[in-house]
Amino acid sequence: MDETNLRLDGNALAGALQDIFVQEVTVAHVECAHCGKVEPIGAEHVYMHAPGAVVRCRHCQSLLMVLVKVPTGYRLAFEGCAWIDVRDQV
Ligand SMILES: [Zn+2]
């Protein structure tokens with residue numbers, strides 16, 4: 001079996017991504033890729049006066065994420081996040 005037998009397209013993630021993005025995401029924990037600190041997204045520093053919202057690490061001020069409202073919805077960049085832990089909510 002080669003790797004093409006194991007490969008799916010991004011549509012295979014539809015259910016998981018739908019589960020993630022309908023939850024209260026501000027309680028999700030994020031690890032800063034720069035300093036390694038972990039905090040809930042709701043505890044990080046947010047600057048709303050930029051073109052869009054800029055989220056910075058409360059410990060080292062590194063860029064965590066950018067959210068921009070565009071005509072078709074939102075554009076999100078998470079380049080400063082090592083990971084985001086979204087837990088199931090009951
Ligand atoms: Zn940091």
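Each ligand, and each atom within it, is numbered from 1 in the order the structure gives.
Within 6.0 Å of NE2 in His59 there are more than 12 heavy atoms belonging to other residues, nucleotides or ligands.
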For residues 65-79, which side-chain N or O atoms pair as donor and acceptor with protein atoms under 3.5 Å away, sequence neighbours left out?
{"residue": "Lys69", "atom": "NZ", "partner": "Gly73", "partner atom": "O", "Å": "3.4"}

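There is no side-chain donor-acceptor pair under 3.5 Å between His29 and Glu39.
Nearest heavy atoms, Ala53 versus Met48: CB-SD, 3.6 Å.
A distance of 10.0 Å separates SG of Cys57 from CD of Glu31, quoted to the nearest 0.5 Å.
Counting heavy atoms from C-beta outward, Cys32 and Cys60 have side chains that approach closer than 4.5 Å.
Each protein N, O or S atom less than 2.8 Å from the Zn ion (ligand 1) was counted, giving 4.
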